[in-house]
Amino acid sequence: MRIRPEVFDDRAAVYAITHAAFAGIDPMVEPEEVGLLQQLFECDQYDNRFSIVALDDTTVIGHVIATWGAVNGEPLLGLGPLAVAPEYQHRGVGSILMQEIHDRAEQESISGIVLLGAPGYYSRFGYEAAQPRGIHPSVPSWGEHFMVRVFDDSCLPSGDYRYAKPFGV
Ligand SMILES: CC(C)(COP(=O)(O)OP(=O)(O)OC[C@H]1O[C@@H](n2cnc3c(N)ncnc32)[C@H](O)[C@@H]1OP(=O)(O)O)[C@@H](O)C(=O)NCCC(=O)NCCS
């Protein structure tokens, strides 16, 4: 398996695995994450350094992205979507993608990354509830599902978080 930043030619495959990973009961219905990704790739808050693909030979099998949101005007990365092709799940691909995006964030001296997700999954990567850290979601009911991975406590902004525009929150 190889890991590298996503390039334009990966995008069709990224949409396909995202569709498959998030598919509901009717696989013909496009999950909202696919449209979200299309908009994220086009928006000003997209940063190619934080859009990572995993490949099996030349086949894209997983993708993770973090885009620039803001806390009181201070930029802070927001992670998601994360998707692994169903036939490659439970083999550590998601974990490797998470590790890679964290390594890159640390190399770039990023203070932290927020996400909305299952604490049972993301706590293993060092995520904790964001609100006790002073970062509040735009939707209060997100509660403990709104999480932050802190890299540098000393420059972590605090206040209300707004995701990149395509998220609409
Ligand atoms: C979540 C996802 C990215 C994990 O990818 P993966 O390559 O299977 O992850 P890993 O192999 O590194 O880890 C798998 C472990 O994660 C855990 N896990 C997966 N989803 C979980 C969830 N929602 N809650 C708690 N734990 C979860 C399980 O413990 C699993 O262990 P198992 O293999 O013993 O069952 C993948 O399942 C996926 O694409 N799911 C659909 C899309 C999605 O929910 N994305 C995340 C939200 S944005």
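Both counts, for ligands and for their atoms, begin at 1 and track the order of listing.
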Classify the ring geometry of Y163 against Y161: parallel below 30°, tilted from 30° to 60°, perpendicular beyond 60°.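 Geometry flag for Y161 against Y163: perpendicular rings.
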Do the rings of F125 and Y121 sit parallel, tilted or perpendicular, given the 30° and 60° boundaries?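 Correct class here is perpendicular.
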Please report the C-alpha distance between R104 and E100 in whole Å, then the side-chain angles of each, then the deciding distance to 0.1 Å, and finally whether the salt bridge (charged side-chain N to carboxylate O under 4.0 Å, His left out) criterion is met. CA-CA 6 Å; R104 285 171 183 266; E100 181 69 17; 2.9 Å; yes
Rounded to the nearest 0.5 Å, what's the gap from CD on E6 to CG on L37? Could you check?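 Rounded to the nearest 0.5 Å, the CD-CG separation comes to 9.0 Å.
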I'd like the contact residues of ligand 1, where contact means a heavy atom below 4.0 Å.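 Lining ligand 1: A21, F22, L82, A83, V84, Q89, H90, R91, G92, V93, G94, S95, A118, G120, Y121, Y122, R124.
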Taking the six-membered ring of Y46 as reference, does the cationic atom of R11 (NZ for Lys, CZ for Arg) lie under 6.0 Å from its centre and within 45° of its axis?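 Flagged: R11 positioned over aromatic ring of Y46.
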Output a table of donor-acceptor pairs, distance under 3.5 Å, between side-chain atoms of residues 57-69 and any protein atom two or more places apart or on a different chain; print 'none' if there are none.
from: H63; atom 1: NE2; to: S51; atom 2: OG; distance (Å): 2.9
from: W68; atom 1: NE1; to: D47; atom 2: OD2; distance (Å): 3.0

